[in-house]
Structures are given as C-alpha cells and as structure tokens.
Visitor: 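Below are the structure tokens for one structure; questions will follow.
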Amino acid sequence: MADCLMDSGNSRVKFARRESWQWQPIGVVDFDDPLFVEHCLAVIEAEDFQRVALASVSKGWRAERLSHVLARIRQPVLQIETLSRLGRLSIAYPQPKQLGVDRFLALLAASEEAQPCAVISFGSAITLDVLDADGVHRGGLIAPSPEFQWSSMQDRFPGLFEGKGQAVFLADNTLDALATGIEHQVLGMVERIMMQAFGRRDARLWVTGGGADAWLARLPPGREHAPEILFSGMVSYIELSGL
C-alpha cells in the first residue's frame, strides 16, 4: 500500500505518492484555486492510499482551507512535526517546534549525504541553514524575499519604484538600482555564510523553493537544485521513525 505525501506551504499544496523509500510527485493545487478543496480531494482519492502524511507551514486562511480538506479525508492523517533529533540529524534550536517543518525536512534529507552543506529556500521568505557532515545543524537565518522587498519599497514610496528593474553591478537609474541592491543583498548574504561556515564559497549548497529558478545561475559554485527535497525528507522521516 502507498502513502499520499502532502506538502502544504504558503501558496500551494504539493502531493506525492510514496512506497517505501521511493516517491513520485502526483499533483499541485494552488490555495487561490476556487475549487481548492475539491481538487485536493481528487488527487488523494485518485489512488488507493493507505494514509496521508502531512507537512504544513500554512497559516491563517490557508490553514483554514487546508482544514476543510483534512476533515473530508477518509484515510488516517500522519502530521509530521519538527523533532530535535532523527537519524543523523540534530537540530540547533533549543525549542525544535520553532523551526519550520519544511526546513527540518530539507535538513533531514540533506543529512543523509553525510557532508557539510547549506540548504537555502527561496519562498515567501528566504531561509538558509547550515549543516555539518555529522548531521549537526549549526543554525540558520530568515530574510525577506526579493519579492517582499520590491513590494515593500513600492508601498513605502508610491510612484518611485513602479515597474521592475534589472540587476547589474552598478546601476545608472532608480529601478535598476533597487534590483541591483536586492541582488547584492541576497548573494552577499549567501557568500558570507558559506565563507564563515565552511571557509569557502563553493561548498555544497542545496537550493529549493518556488523562487529558486530565478537565482540558480547567480548562486556560487557548489549549488545543486533540489526542488523536491522536502518530499525526500518526508520519506526519511517516515522510514527512520518506523511509522
């Protein structure tokens, strides 16, 4: 029998089919879909799943919409939560529940590689976590996403930042100057962490999140795109927990 894996974020819910250590994506439903509940249930009911495993960081009205789906699921639901230790992974947070389950699962998957690395996610915010080869999480950071920075500047200074600019090394106009500043902030943050954590900028960097594509080519060497690393972490969670 197979499990249905659900990754519920801030913009959409992603689904995968899991059997033992193997998994494959089977669907995506956006939270702003007017038929969100019906489309989620259609994905789940399309196959004879034994249970549903859920990892959710959804809050507010998104969590409410998700609750309507969960209330109508026939299978038992396994709620995945952040743990202080699992497998090779040891979380830095004294209060593990403060670390988002999405970050926890990405770190859990990365810890299987047994090498020093960082995991960066480009989502509603940017998160960056550092992991030692022995699976010890050294901590991480949360930073405003580029999209949030753009919208905040447009709201704060109406009429000044209308439209989008292009990032260059040094700009000669207002819109490009803002795009350039945002890019230098993001890339400078990444390079500083990689240098201070590993002594070099080209250490392994796992890159995930819905906004990752736009940044891959600009990130330092050693990057590896892992758009579905959370599902790999969910599978590891289930197997290592004996669930």
Side-chain angles (χ1 to χ4, degrees), residues 7-14 30-32 55-63 82 91-93 95-107 110 117-131 137-171 173-198 201 203 205-220 222-227 229-230:
D7 165 19
S8 184
N10 292 309
S11 60
R12 57 188 180 172
V13 178
K14 300 166 69 175
D30 292 336
F31 271 109
D32 59 7
S56 176
V57 296
S58 305
K59 304 294 182 184
W61 67 269
R62 297 173 180 83
T82 300
I91 294 300
Y93 280 32
Q95 300 180 45
K97 297 296 176 62
Q98 290 186 355
L99 180 72
V101 69
D102 53 344
R103 293 168 65 190
F104 166 70
L105 291 172
L107 286 166
C117 66
V119 181
I120 187 169
S121 177
F122 291 91
S124 300
I126 297 175
T127 63
L128 178 60
D129 288 281
V130 172
L131 189 66
H137 174 222
R138 294 169 62 182
L141 59 82
I142 302 173
S145 69
E147 292 75 15
F148 178 81
Q149 294 189 59
W150 265 106
S151 63
S152 296
M153 293 295 281
Q154 289 172 334
D155 291 344
R156 180 68 177 82
F157 303 104
L160 184 58
F161 297 109
E162 294 180 358
K164 290 287 185 180
Q166 181 176 355
V168 291
F169 177 61
L170 293 172
N173 64 83
T174 299
L175 289 178
D176 288 352
L178 178 56
T180 298
I182 292 173
E183 178 169 295
H184 282 313
Q185 283 185 336
V186 173
L187 299 183
M189 174 187 73
V190 173
E191 292 199 16
R192 181 182 184 188
I193 294 297
M194 299 302 279
M195 284 296 298
Q196 293 195 14
F198 307 114
R201 64 189 292 270
L205 177 65
W206 298 99
V207 187
T208 189
D213 287 346
W215 290 91
L216 280 171
R218 290 175 278 182
L219 291 169
R223 64 188 177 272
E224 184 160 343
H225 195 199
I229 194 171
L230 192 145

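What you see is a predicted model, and the numbers here were worked out from it, not measured in a lab.
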Visitor: Looking at every non-hydrogen atom in both residues, tell me the closest pair between Leu128 and Leu205 and how far apart they are.
Guide: CD1-CD1, 4.1 Å
Visitor: A quick test of your reading: do over 12 heavy atoms of other residues, nucleotides or ligands sit less than 6.0 Å from CD of Gln166?
Guide: no
Visitor: Do you know which two heavy atoms are closest between Arg62 and Phe31, and how far apart they sit?
Guide: O-CE2, 3.3 Å
Visitor: Measuring only between side-chain heavy atoms, which start at C-beta, is Leu230 closer than 4.5 Å to Lys14?
Guide: no
Visitor: Within a reach of under 6.0 Å around NZ of Lys59, are more than 12 heavy atoms found that belong to other residues, nucleotides or ligands?
Guide: no
Visitor: Say you draw a straight line from CZ of Phe104 to NE2 of His137; how long is it, rounded to the nearest 0.5 Å?
Guide: 11.0 Å
Visitor: With distance as the sole test, does Thr180 use its side chain to make a donor-acceptor pair with the main-chain N or O of Leu170 at under 3.5 Å?
Guide: no
Visitor: Got a sec: does the CZ of Arg218 have more than 12 other heavy atoms crowding it under 6.0 Å?
Guide: yes
Visitor: If every non-hydrogen atom of Cys117 is compared with every non-hydrogen atom of Phe198, which pair is closest and at what distance?
Guide: O-CZ, 3.2 Å
Visitor: Are any side-chain N or O atoms of Asp176 and backbone N or O atoms of Gly165, one a donor and one an acceptor, separated by less than 3.5 Å?
Guide: no
Visitor: Counting distance only, does the side-chain N/O of Arg223 pair as donor-acceptor with the main-chain N or O of Pro220 below 3.5 Å?
Guide: yes
Visitor: What is the minimum heavy-atom distance between Ser58 and Asn10, and which atoms define it?
Guide: CA-OD1, 4.4 Å
Visitor: Would you name the heavy atoms of Gln149 and Pro144 that are closest together and state the gap between them?
Guide: NE2-O, 3.6 Å
Visitor: Looking at side-chain heavy atoms only, is the closest gap between Leu160 and Leu178 below 4.5 Å?
Guide: no
Visitor: Answer yes or no: is there a donor N or O on one side and an acceptor on the other, between the side chain of Thr82 and the main chain of Leu99, under 3.5 Å?
Guide: yes
Visitor: Is a side-chain N or O of Thr208 found less than 3.5 angstrom from the main chain of Ala226, in a donor-acceptor match?
Guide: yes
Visitor: Taking C-beta and beyond as the side chain, do Leu175 and Phe161 meet within less than 4.5 Å on heavy atoms?
Guide: yes
Visitor: Please round to the nearest 0.5 Å and tell me the distance separating atom CD1 of Ile229 and atom CG of Asp102.
Guide: 11.5 Å
Visitor: Within this structure, what is the CH2-CG distance for the pair Trp61 and Asp32, rounded to the nearest 0.5 Å?
Guide: 6.5 Å
Visitor: Are Val207 and Trp215 packed together at the side-chain level, in the sense that at least one heavy-atom pair is separated by less than 4.5 angstrom?
Guide: no
Visitor: Is a side-chain N or O of Arg103 found less than 3.5 angstrom from the main chain of Asp129, in a donor-acceptor match?
Guide: no
Visitor: Please round to the nearest 0.5 Å and tell me the distance separating atom CD1 of Ile120 and atom CD1 of Ile193.
Guide: 9.5 Å
Visitor: Minimum heavy-atom separation for Phe169 and His184, please, with both atom names.
Guide: O-NE2, 3.1 Å
Visitor: Backbone N or O of Ile126 within a donor-acceptor pair of the Ser145 side chain at under 3.5 Å?
Guide: no
Visitor: Once rounded to the nearest 0.5 Å, what's the spacing between atom CG of Leu216 and atom CD of Glu224?
Guide: 10.5 Å
